[in-house]
Protein chains: 2
Amino acid sequence: MDQTKIFSEFLGRKGLKTTSQRKIILRAFLSSQSHCSTEDLYLKLRKSHPKIGYATVHRTLKLLVECGIAIEQHFGDGHARFEPFQFDRHHDHLVCKDCGLIIEFEAPQIEELQKMVAATHEFMIKNHRHELYGLCSRCATK
Amino acid sequence: MDQTKIFSEFLGRKGLKTTSQRKIILRAFLSSQSHCSTEDLYLKLRKSHPKIGYATVHRTLKLLVECGIAIEQHFGDGHARFEPFQFDRHHDHLVCKDCGLIIEFEAPQIEELQKMVAATHEFMIKNHRHELYGLCSRCATK
DNA sequence: ATAGATTTTGATTACCATTATCATTAATAT
DNA sequence: ATATTAATGATAATGGTAATCAAAATCTAT
Ligand SMILES: [Mn+2]
Ligand SMILES: [Mn+2]
Ligand SMILES: [Zn+2]
Ligand SMILES: [Zn+2]
């Protein structure tokens, strides 16, 4: 099932309305590069849909998170960032403190060890954050 | 070398002054329970030293981070939290979303795998965050 | 010890991302 | 088509953090 349908069904279930803005924002989010902030998306949309307000972009991104289409990330710069959620994959991030480059990595062994840590503490994990901050290869050598 | 000395030498090196407030705040920080927010420490200090202002507590905690006595953590509730830095140990955190309990864990194997991930991407790690969010055993069973 | 230079303090304000407000507009059900 | 309910977008409120600034404290050089 595609995300447009997931979103409209989610809205229907909650008694919310499928508006043109919501459809436009979803489309823009999915076609934007990942890890975009609310402002990134707002500015991008502004070119083609200058009537859409910042608040609507913000609220719609929150809805996308709520229905599982997007996930929210925080990389320490004070701006929430959003990326499409992939239910069949999971990745964490390397964040360059110099140029802001974000590299994604998958480390199944770490995920397994995480589960063991939680089990040791009888802790039920709902989600996690694992971010490595430092310098990307380009910034480290210049 | 004890932390009082580390702090005063740091202040001296930077041309900053060793004030009574800074000494008091350092002592209170070290004797407070870990993961305290600026407000936690401010309210605690208020009882014994009601003249010390919030801004001074905030600025001093930043200085403690700068000189390596404290590290700053963010567990998603919008309040920066501080804990003593232990140069010979490192731990990450389990955070209960229900009661706020913070459990510390050490996982050397994860740390090693982290280094391998970074090496794969020619990335130079400066620091990292690894937090598992969910329910502690008490909250999971009630 | 004293005076002058520099920094700190503490009250207050500014900042800024996020969230709430509310009158107007739009979507849905009948 | 109309009534009902929610959404929109401009704007204001919120709240943790950080900046401002006059008064006070510290430090240095005598
Ligand atoms: Mn990502
Ligand atoms: Mn800790
Ligand atoms: Zn870089
Ligand atoms: Zn709990």
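Just so you know, these numbers use all the heavy atoms, side chains as well, and skip hydrogens, waters and symmetry mates. By convention in this document, chain letters (A, B, ...) are assigned in the order of the sequence lines, proteins followed by strands, and residues within each chain are numbered from 1.
- Computed from coordinates, the A:E39 CD to C:dA17 P distance equals 7 Å when rounded to whole Å.
- Inspection of the A:Q114 and B:H130 side chains reveals an N or O donor paired with an N or O acceptor under 3.5 Å.
- Of all the residues in residues 29-37 of chain B, not one reaches under 4.0 Å from DNA chain D with any non-hydrogen atom.
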Filtered N/O pairs between nucleotides 22-25 of chain D and protein, under 3.5 Å:
none

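- Remark: C1' of D:dC27 and NZ of B:K23 are 13 Å apart, rounded to the nearest angstrom.
- Between the side chain of B:T141 and the main chain of B:S137, a donor-acceptor pair closer than 3.5 Å is present.
- Residues A:F105 and B:M124 are members of separate hydrophobic clusters, defined by side-chain heavy-atom contacts under 4.5 angstrom among Ile, Leu, Val, Met, Phe, Trp and Tyr.
- Side-chain atoms of B:S8 come within 3.5 Å of backbone N or O of B:K5 as a donor-acceptor pair.
- C:dT9 atom P lies 10 Å from atom CD1 of B:I24, rounded to whole Å.
- Formation of a donor-acceptor pair under 3.5 Å by the A:K44 side chain with backbone atoms of A:A28 is found in this model.
- Taking the six-membered ring for Trp, B:H93 and B:H91 have ring centres closer than 6.0 Å.
- Remark on DNA chain D: of its neighbouring residues B:A55 and B:G78, the 5'-side contact belongs to B:G78, judged by nearest-heavy-atom nucleotide.
- Residues in residues 70-81 of chain B take part in these side-chain hydrogen bond (donor to acceptor under 3.5 Å, both in side chains) pairs, two or more places apart or across chains: B:K62-B:E72, B:E72-B:H74, B:Q73-B:E83, B:D77-B:R81.
- Inter-axis angle, ends of the helix from C:dA1-D:dT30 to C:dT30-D:dA1, five pairs per end, rounded to 10 degrees: 30°.
- Within a 6.0 Å radius of CD in B:Q109, no more than 12 heavy atoms belonging to other residues, nucleotides or ligands are found.
- Positionally, the nearest nucleotide of DNA chain C for B:L16 lies more toward the 5' end than for the other of B:Y42 and B:L16.
- Residues from residues 59-72 of chain A placing a heavy atom under 4.0 Å of any atom in DNA chain C, listed by number, are A:R59, A:K62.
- In this structure, A:Y54 places its OH atom 15 Å from P of C:dA20, rounding to the nearest Å.
- A:H79 comes within 4.0 angstrom of the backbone, heavy atoms only, and of no base.
- The side chain of B:H58 places an N or O atom within less than 4.0 Å of a non-bridging phosphate oxygen (OP1 or OP2) of D:dA18.
- The 12-atom threshold is exceeded at CD of A:E106, counting heavy atoms of other residues, nucleotides or ligands nearer than 6.0 Å.
- Here C:dA17 presents its P atom at 17 Å from CZ of A:F75, a figure rounded to the nearest Å.
- A donor-acceptor pair shorter than 3.5 Å can be found between the side chains of A:H35 and A:E104.
- Counting heavy atoms from C-beta outward, A:K17 and A:L11 have side chains that stay 4.5 Å or more apart.
- Residues B:K23 and B:T18 meet the side-chain proximity criterion, which asks for heavy atoms closer than 4.5 Å.
- Atom NZ in B:K51 sits roughly 10 Å away from atom P in C:dA11 (whole-Å rounding).
- One N or O on the side chain of B:T120 and one on the backbone of B:M116 form a donor-acceptor pair closer than 3.5 Å.
- Contact of the B:F29 side chain with the B:P84 side chain is registered, since non-hydrogen atoms from C-beta on lie closer than 4.5 Å.
- One can place CZ of B:R22 at 10 Å from C1' of D:dT26, the figure rounded to the nearest angstrom.
- Looking at heavy atoms from C-beta onward, B:L64 lies out of side-chain contact with B:F82 at the 4.5 angstrom threshold.
- Near-neighbour residues of DNA chain D inside residues 2-9 of chain A, defined by a heavy atom below 4.0 Å, are absent.
- A donor and an acceptor atom, one from each side chain of B:D92 and B:H90, are located under 3.5 Å apart.
- Atom CD in A:Q73 sits about 18 Å away from atom C1' in C:dT18, given to the nearest Å.
- The two residues A:Q3 and A:L30 come nearest to each other via the heavy atoms NE2-CD2, 3.8 Å.
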